[in-house]
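The structure under discussion appears below in the form of structure tokens.
As the structure is a computational prediction, the values presented were derived from the model and not from experiment. All values below were derived from every heavy atom in this structure, side-chain atoms included, with hydrogens, water molecules and symmetry-related copies excluded. Counting from 1, the numbers follow the sequence of the chain as shown. Atoms within each ligand, like the ligands themselves, are counted from 1 in listed order.
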Amino acid sequence: MSALILRGGTVVSGSDSKKLNVMIRDDKIETVFEDHELEAILERESDAEVIDVTGKLLFPGFIDPHTHFQMQASKCVTADDFDSGTRAALAGGTTVILDFTTQDKGESLMSALSRWHEMADGHSSCDYGFHMSITDWNEQVHHEIPLMTLEGVTSYKLYMAYPKLRVRDEVFYEVLKAVKNEGGIVGNHCENGDMIDALTADLREEGKLGTEAHPIAHCREIEAEAVQRYLMIAKLAGAPVNIVHLSTKAGLEYAREARKNGQKVMIETCPQYFFLDDSLYSLPDFEGAKYVFSPPARKKEDQDALWEALENGEIDTIGTDHCSFNFATDKHIGEYEFSQIPNGIPGVEHRPVLMYTYGVQTGRISNESFCRVMSENAAKEYGMYPQKGVIAEGSDADIVVWDPDYEGVISAETQVQNVDYTPYEGMKIKGRAQLVFLHGKPAAAEGQVIAKGLGKYVHRDKADLSFRKVGD
Ligand code: URP
Ligand code: ZN
Ligand code: ZN
């Protein structure tokens with residue numbers, strides 16, 4: 001098979017950026033080489049296709065470690081399934097998503113995993129893997145943990161909130177110990193579910209049923225206490241942990257303290273916690289429902305703390321928690337009471353442009369930091385490195401040719417996501433994925449998918465958490 005050469009670009013990794021050429025053969029990166037080698041290589045590879053990417057940045061395909069596609073809520077299903085969700089991801093430069101397989105009560109983990117494979121296999125346009133959400137812990141499920149490793153599932157998410165999903169503290173303790181033995185990692189939805197129920201009951205009694213009540217029922221203390229409790233359980237279990245969709249300054253401070261005390265704590269946050277705030281819940285005409293997700297959008301003080309943490313390298317990964325519900329239909333299910341509004345927002349398509357525009361272009365983070373939080377760290381934490389997360393010899397040829405000069409505006413009218421709004425409507429962007437290679441094939445260009453259905457299941461290995469030193 002003849003080679004493909006990307007010539008003249010700047011290859012970005014988590015540690016440096018270098019002007020390098022990249023040679024792809026079939027679905028792998030064959031070599032990365034300097035200009036002085038170009039002539040000899042072109043002579044040898046006389047039938048190679050050469051694409052000039054001068055002035056462009058080359059990033060390893062972005063990884064979104066937090067999506068919910070085709071997720072059943074109590075009265076509806078998410079607007080994006082694996083077909084539209086993975087197309088939207090790819091259009092924005094994301095070449096791997098990790099979705100959440102959720103065990104039903106009484107179900108085996110194998111059965112839950114098969115259901116997710118059925119939804120995703122053959123329907124995906126970017127690569128995908130699964131975290132496992134355990135909702136019903138028992139001896140049989142315990143014995144299935146090593147089986148999950150064999151199936152390529154090495155990460156888990158448990159919930160402290162949501163009536164149908166949450167588990168008791170002792171289950172957290174048992175799961176953390178079992179997953180630690182497998183070299184995996186457990187994430188937690190850190191919200192105190194009992195207190196959400198109690199505050200919601202109070203608000204109901206007071207007749208406060210509008211969207212502005214959502215951040216009151218899910219106030220900051222609800223997250224902070226859950227983060228603290230999770231860290232305490234993890235310490236006793238002697239296990240590393242992942243705090244997913246961290247939203248508060250108080251929660252961040254507990255995580256910092258645990259790190260200082262020697263715990264291995266991974267932190268994920270999401271674009272919504274940098275860009276959206278709780279004033280949105282007071283919008284008229286039920287517009288606030290567009291922003292009902294949990295944990296909710298917070299205050300400027302929390303946003304500032306998260307930006308500072310990102311700048312300091314304290315945030316490991318940025319996921320989207322993409323969980324899209326149509327405003328016109330699904331969100332209106334909760335028209336008469338905020339607690340009935342399906343929780344979640346779209347974001348899988350716009351995460352790269354948002355974080356690049358407002359993170360890199362503003363000088364808050366470097367291209368290298370962007371590469372770490374958008375790709376490299378997730379590849380390591382979730383057992384995909386160096387197959388994914390780096391442009392290097394032998395790695396999958398998943399490459400984003402990034403145009404740092406493109407200017408545009410985010411709009412639901414032009415998005416690939418199959419949902420009737422975007423929470424980022426009208427936001428200006430600078431930079432975008434001009435061309436996206438998946439397994440060595442051009443799969444998306446200028447915000448549109450050009451090759452559908454190329455996505456494969458990523459069979460993952462153990463977590464490699466060595467990029468986060470104990471104490472930092
Ligand atoms: O509102 C949200 N985040 N919905 C998706 C489920 C979850 O908690 O991650
Ligand atoms: Zn969650
Ligand atoms: Zn989620």
Side-chain angles (χ1 to χ4, degrees), residues 63-81 85 89 97-103 116 128-135 155-167 172 185-193 196 200 211 214-215 217-219 222-223 226-227 230 241-248 251 266-276 278 280-281 288-298 317-327 330-331 333-334 338-348 351 378 382 417 419 421 423:
I63 299 171
D64 185 340
H66 195 144
T67 67
H68 301 271
F69 296 151
Q70 217 162 322
M71 192 193 86
Q72 193 66 50
S74 56
K75 293 183 184 137
C76 58
V77 65
T78 51
D80 282 298
D81 57 12
I97 60 98
L98 297 179
D99 205 80
F100 291 85
T101 303
T102 305
Q103 174 203 23
W116 254 259
Y128 56 94
F130 303 121
H131 308 285
M132 176 58 71
S133 286
I134 296 174
T135 65
S155 51
Y156 293 77
K157 180 185 177 190
L158 303 187
Y159 291 81
M160 283 184 174
Y162 301 124
K164 285 197 180 140
L165 303 177
R166 69 186 183 231
V167 294
F172 274 89
I185 182 130
V186 184
N188 176 19
H189 179 111
C190 294
E191 286 194 297
N192 182 323
I196 295 170
T200 302
T211 52
H214 178 67
H218 294 251
C219 61
I222 297 270
E223 176 178 273
V227 170
Y230 187 41
V241 280
N242 184 18
I243 314 275
V244 301
H245 51 49
L246 181 76
S247 67
T248 57
M266 316 311 291
I267 301 178
E268 174 202 85
T269 190
C270 312
Q272 51 270 37
Y273 302 115
F274 293 113
F275 300 111
L276 307 176
D278 65 358
L280 293 162
Y281 297 111
K290 288 181 176 171
Y291 310 95
V292 169
F293 50 84
S294 296
R298 304 294 186 183
T317 56
I318 297 180
T320 57
D321 202 1
H322 180 102
C323 186
S324 56
F325 293 103
N326 282 310
F327 177 61
D330 309 326
K331 289 284 186 182
I333 291 168
F338 73 91
S339 69
Q340 302 304 305
I341 300 169
N343 274 218
I345 55 164
V348 74
R351 176 185 66 126
Y382 297 117
Q417 297 169 158
V419 57
Y421 78 102

Practice prompt. Would you please indicate yes or no on a ring centroid separation below 6.0 angstrom for F130 and Y128?
Written response: yes

Worksheet item: Is K157 close enough to the Zn ion (ligand 2) to have an N, O or S atom under 2.8 Å?
Response: yes

Worksheet entry | Residue among T101, T102, D99 satisfying side chain to side chain donor-acceptor pair (under 3.5 Å) with W116 | D99

Worksheet item: So, R351 and T320: side-chain donor and acceptor under 3.5 Å apart, yes or no?
Response: no

Worksheet, complete the sentence: Hits for ring-ring contact (aromatic ring centres under 6.0 Å, His included) against Y230, two or more places apart or cross-chain, chain-then-number order -> F172

Discussion item. So, of the N/O/S atoms that H189 has, which is the nearest one to the Zn ion (ligand 2)?
Written reply: ND1

Worksheet item: With a 4.0 Å cut-off on heavy atoms, is M71 touching ligand 1?
Response: no

Worksheet item: Is the closest heavy-atom distance from Y162 to ligand 1 below 4.0 Å?
Response: yes

Worksheet item: N/O/S of H245 less than 2.8 Å from the Zn ion (ligand 3)?
Response: no

Response to the item:
The closest protein heavy-atom partner of atom 3 (N) of ligand 1 is D321 OD2, 2.6 Å

Practice prompt. Keeping the roles fixed (side chain from H322, backbone from G347), state whether a donor-acceptor pair exists under 3.5 Å.
Written response: yes

Fill in: Side-chain donor/acceptor of Y273 to backbone N/O of R298, under 3.5 Å
no

Fill in: Atoms of ligand 1 close to H245 [distance to a heavy atom under 4.0 angstrom, numbered from 1]
8 (O), 9 (O)

Worksheet entry | Donor-acceptor pair, side chain of Q417 and main chain of V348, under 3.5 angstrom | yes

Worksheet item: Applying the side chain to side chain donor-acceptor pair (under 3.5 Å) test to H68, which of Q72, Q70, H66 qualifies?
Response: H66

Worksheet item: Looking at the Zn ion (ligand 3), is one of the N, O or S atoms of H66 less than 2.8 Å from it?
Response: yes

Worksheet entry | the Zn ion (ligand 3) - name of the N/O/S atom of D321 that sits closest to it | OD1

Item to complete: Output the list of atoms in ligand 1 that are nearer than 4.0 Å to some heavy atom of S294, sorted by atom number.
Response: 1 (O), 2 (C), 3 (N), 8 (O)

Practice prompt. Taking only heavy atoms of H66 into account, list the atoms of ligand 1 that are under 4.0 Å away from them.
Written response: 9 (O)

Worksheet item: Centres of the H131 and Y382 rings: under 6.0 Å?
Response: yes

Discussion item. Using a plain distance cutoff, I'd like to know if H68 has any nitrogen or oxygen under 3.5 Å from a nitrogen or oxygen of ligand 1.
Written reply: yes

Fill in: Chi angles and distances behind the ring-ring contact (aromatic ring centres under 6.0 Å, His included) call for H189, Y162
CA-CA 9 Å; H189 179 111; Y162 301 124; 5.0 Å; yes

Worksheet item: Of all the atoms in ligand 1, which lie at a distance below 4.0 Å from a heavy atom belonging to F293?
Response: 1 (O)

Practice prompt. Report the member of K157, H189, E191, H322 with the shortest heavy-atom distance to atom 9 (O) of ligand 1.
Written response: K157

Item to complete: Give the contacting part of N343 toward ligand 1: side chain, backbone, both or neither, where contact means a heavy-atom distance below 4.0 Å.
Response: both

